[in-house]
Q: 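I have a structure I would like to understand better, so I am pasting it below and will then ask my questions one at a time.
All residue numbers in this chain count up from 1 along the given sequence.
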Amino acid sequence: MVSSSLSHMLNLANLAEEIQMVYQKKMETSRRGGFADEALAPTESDIDETFQRMVGGLGKTPQEVFDALRAQTTDLVFTAHPTQSIRRSLLEKHASIRTCLTQLCVEGVSENEKQEIDEALQREILAAFRTDEIRRTPPTPQDEMRAGMSYFHDTIWNGVPKFLRRVDTALRNIGIEERLPYDVPLIQFSSWMGGDRDGNPRVTPEVTRDVCLLARMMAANMYFSKMGSLMFELSMWRCNDELRARADELHRLSSRKYAKYYIEFWKQISPREPYRIILGDVRDKLYNTCERAREILSSGESSIPEEDTYTRVEEFLEPLELCYRSLCDCGDKLIADGSLLDFMRQVSTFGLCLLKLDIRQESDRHIDAVDAITTHLGIGSYRDWPEEQRQDWLVNELRGNRPLFGPDLPQSDEVADVLGTFRVIAELPADSFGAYVISMATAPSDVLAVELLQRECGVKTPMRVVPLFEKLADLQQARATMELLFSIDWYKERIDGKQEIMIGYSDSGKDAGRLSAAWYLYKAQEEIVDVAERHGVKLTIFHGRGGTVGRGGGPSHLAILSQPPNTVNGSLRVTVQGEVIEKSFGEDNLCFRTLQRFTAATLEHGMNPPVSPKPEWRALLDDMATVATEEYRAIVFQEPRFVEYFRCATPETEYGRMNIGSRPSKRKPGGGIESLRAIPWIFAWTQTRFHLPVWLGFGAAFRHAMDRPGGLATLREMYDEWPFFRVTIDLLEMVFAKGDPGIAALYDKLLVPEDLWPFGEQLRANYAETQSLLLKVSELSIPSAA
């Protein structure tokens, strides 16, 4: 009870401090006479300031900015990584407390209002205190999906049109009177919740079907709930001939089958309100669409015919576009650009599926499935074939049409799961799905195998296949892998000039340390982009970033602006994981700033790319990465005392037992550090304030560089002039500012056997030396932890 009280007290203190900081900034801004609406001065991620800088500072024309924006897409991919340890119930109560505190800061609040707000505040605090902080059972993938979708209902749904209106305003401020077209995919949303089956046995084909239907049901319901206010607004009688003819026809057919739920409503609509007739028809179909998804979700079938629902987003948009055209033709464009435009932008952004579901599976599982097929055909074991033979066989089969297996195929549980997933993809509408991500991809055959399995399982609109390069060796091999893939005529024709690849920050960091991972991720992007350009392929890079620095986290605008030149080019995908979802979309203002930050940084990277590193910088960082990897692996994977020390000194085993995610903490239950997922690996060290995965290896790399003549001067030059290196160093400084080796020493005394104490002291000495060398590079000082 005491520890729980202290935990609640600290949470409340953080909330109060957060509101106080915003209030102070608002007061300062008010005194300066600016930006009262956002309560924040402009930053490098402010969309209006970014447009002004592009035009005024960099010499771009307003039309160039507008054209770049129209061709730009940022896809934010929500994942259920178990880094959000706070229950949703408590997050909601914290949001209510934050709202109460914000209301108390509003000028002009009367004494009676203050008393009422104070009473509400006490009620929410008591409710939070009486709420169990710990999940007693692990969440299911469906639970995780519902939690993720709640952000759409709370903030994102209305946040997107609000943000796009701000983009319109910022464009007008640089002289572009035209609005951003409603169908420009400036911001898109995807999800891994219910699709990420990499090492998660709880994500089954049935789960994937459930979450897709759940998302479609929620999307239709949200559209339906907004139709009432839209119909109320569009009460005009003037319309063009095209809309008048459609309205007359619908009014005559108002008793058609799919309108049976609204017969009384239809009787009340006057023929002199043509827009309401059109939108009433849309509303009926949305109701049927929602009900059909709900019935299939609950019982597997529905009494509502598919033709009475929306199955394609184009069908949904057509009557809305008709209303928009009619209003413009009648001189009512101002009305058209109101709620109707917002609604059309929502439809264009969220579609009928709310957010597209990615599927992720490990490459070995696909090898198992193809091996079962080749063994059944009697042509040998696919698993034992060399890579060249695998590629030849896969390409030959992809060029042909013969079916490879039927119902009599012998299947293990793992193979049945893989094939069942593809059959669900074939069964559901194609717009429910985004990318098929192959984790631990190492060779072209990993991609070709997924293409073949999609065809064999009847997927009529194949998902785009995305190899995920994670570990150091895979990143180093990525260029050769993509070169081989693009050299295959069948594959080149299949992708139609577009390819997506994913790079993983978490596992690469766990494999080689943060410095080496960051540098090899940088180089891999450069190399793959070069290969794509030579083959005439437009590349989209999908960044698998986590929230912490050790998993590629950090300020998103800095992360984007520090990417290699020509690697973004107006197309970016990035994961939003765990607790980062709450921090980015938990409130309306956070949602607005997140959308603004990603859009502005993506635009700026394309129109004002960062500098390329000098040859001498590359050579030095190559050597530093080699040295850093050697030290990191010598301690983490080769030091015999490390595993015992790690499990004694950190709460790693307890973290694995916490009910904060649906997937296990290890890919293989009996494995060691190599099988441990990056999340518990990072968070175990975070709990002791030691952050070993972030800094280990940097010290040896700095020593190696400074031992060279002029090495320190070169490091400082890199820090001053190269955004990638500066961001890497600044994030490391931030981690040291938060760290406290004294706390780690206390953990040692309480939990670690005495014979391992010297090893802990050795690591803390390394920590202190690394921090000292870091400060020589940045020429700054890090305050000691309190």
Side-chain angles (χ1 to χ4, degrees), residues 469-476 503-526 543-546 548-554 558-559 562-564 613-614 616-638 678 681-682 685-686 690-708 711-712 714-720 722-739 763 766-778 780 782:
F469 302 111
E470 301 176 80
K471 294 190 175 180
L472 208 58
D474 300 335
L475 290 168
Q476 293 169 325
I503 52 176
Y505 289 73
S506 295
D507 283 296
S508 58
K510 184 169 75 73
D511 180 42
R514 188 70 258 139
L515 175 62
S516 302
W519 177 228
Y520 282 105
L521 285 162
Y522 187 98
K523 291 204 300 181
Q525 292 182 71
E526 290 182 315
H543 297 263
R545 292 181 175 274
T548 59
V549 175
R551 299 178 52 240
L558 292 179
S562 65
Q563 297 305 309
K614 298 178 181 178
E616 57 267 30
W617 297 352
R618 287 182 177 277
L620 180 58
L621 202 49
D622 279 336
D623 291 343
M624 291 173 66
T626 300
V627 171
T629 301
E630 288 174 354
E631 180 182 67
Y632 178 89
R633 289 179 172 173
I635 291 176
V636 173
F637 297 111
Q638 298 166 17
W681 166 246
I682 294 291
W685 291 106
T686 300
F690 199 44
H691 307 291
L692 178 138
V694 181
W695 59 263
L696 184 59
F698 271 93
F702 286 145
R703 283 195 307 272
H704 176 80
M706 292 178 189
D707 286 344
R708 294 184 172 191
L712 179 57
T714 302
L715 289 174
R716 287 175 175 171
E717 181 186 44
M718 293 162 64
Y719 180 76
D720 290 336
W722 187 13
F724 163 77
F725 191 72
R726 185 180 189 94
V727 168
T728 303
I729 296 302
D730 286 349
L731 290 176
L732 183 62
E733 284 184 335
M734 180 187 72
V735 169
F736 274 122
K738 293 180 177 180
L763 291 176
N766 192 336
Y767 176 104
E769 182 187 18
T770 301
Q771 178 174 295
S772 175
L773 295 172
L774 170 70
L775 295 177
K776 290 183 180 180
V777 176
S778 64
L780 297 173
I782 296 178

Q: Between W617 and E717, is any side-chain donor less than 3.5 angstrom from a side-chain acceptor?
A: yes
Q: How long is the straight-line distance from OG1 of T686 back to NE2 of H691, given to the nearest 0.5 Å?
A: 5.5 Å
Q: Could you label the plane-to-plane angle of the F690 and W685 rings as parallel, tilted or perpendicular, counting under 30° as parallel and over 60° as perpendicular?
A: tilted
Q: Does a donor on one side chain sit under 3.5 Å from an acceptor on the other, for D622 and W519?
A: yes
Q: In this structure, is the centre-to-centre distance between the rings of F725 and Y719 below 6.0 Å?
A: no
Q: With heavy-atom distances below 4.5 Å as the criterion, would you say the side chains of S508 and E470 are in contact?
A: no
Q: Determine, step by step, whether Y522 and T728 satisfy the side-chain contact (heavy atoms from CB on, under 4.5 Å) criterion, reporting the C-alpha distance in whole Å, the side-chain angles of both residues, the deciding distance to 0.1 Å, and the verdict.
A: CA-CA 11 Å; Y522 187 98; T728 303; over 6 Å; no
Q: Would a 4.5 Å heavy-atom cut-off, applied to side chains only, mark L621 and L515 as touching?
A: yes
Q: Is any side-chain heavy atom of K523 closer than 4.5 Å to one of Q476?
A: no
Q: So, do R633 and L472 sit near enough that their side-chain heavy atoms are less than 4.5 Å apart?
A: yes
Q: What distance do S562 atom OG and R726 atom CZ have between them, rounded to the nearest 0.5 Å?
A: 12.5 Å
Q: What closest approach, in Å, do A701 and V627 show between heavy atoms, and which atom pair accounts for it?
A: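 That closest heavy-atom pairing would be N-CG1, 4.1 Å.
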Q: With a 4.5 Å cut-off on side-chain heavy atoms, are S778 and E733 touching?
A: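 Yes, close enough: below the 4.5 Å cut-off.
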Q: I'd like to know if the side chain of R545 reaches the main chain of G504, judged simply by a donor and an acceptor atom lying under 3.5 Å from each other, with no hydrogens or angles considered.
A: no
Q: Is there a side-chain contact between L763 and I635, using heavy atoms and a 4.5 Å cut-off?
A: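 When only atoms from C-beta onward are counted, I635 and L763 do touch, with a gap below 4.5 Å.
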Q: Mind checking the CH2-CZ spacing from W695 to R514? Nearest 0.5 Å is all I need.
A: 15.5 Å
Q: CG of N766 to CD of Q771: how many Å apart, nearest 0.5 Å?
A: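 It is 12.0 Å, given to the nearest 0.5 Å.
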Q: Side-chain contact test, heavy atoms from C-beta onward, threshold under 4.5 Å: evaluate it for L774 versus F698 and give yes or no.
A: no
Q: Once salt bridge (Lys or Arg N to Asp or Glu O under 4.0 Å) is applied, do any residues pair with R703, and if so which ones, sequence neighbours excluded?
A: E631, E769
Q: With rounding to the nearest 0.5 angstrom, report the CE to CG distance, M706 to L712.
A: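 So the gap between those two atoms works out to 5.0 Å.
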Q: Quick check for you: to the nearest 0.5 Å, what is the distance between L732 atom CG and T770 atom OG1?
A: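 One gets 8.0 Å once the value is rounded to the nearest 0.5 Å.
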Q: Checking side-chain contact (heavy atoms from CB on, under 4.5 Å) for the pair L696/L692: CA distance, chi angles, key distance, verdict?
A: CA-CA 6 Å; L696 184 59; L692 178 138; 3.8 Å; yes
Q: Could you check whether any side-chain N or O of Y632 sits under 3.5 Å from a backbone N or O of K510, counting only pairs where one atom can act as donor and the other as acceptor?
A: yes
Q: Side-chain contact, heavy-atom cut-off 4.5 Å: V777 with M718?
A: no
Q: Using side-chain contact (heavy atoms from CB on, under 4.5 Å), reason through V727 and L731 one step at a time and then give a plain yes or no.
A: CA-CA 6 Å; V727 168; L731 290 176; 3.9 Å; yes
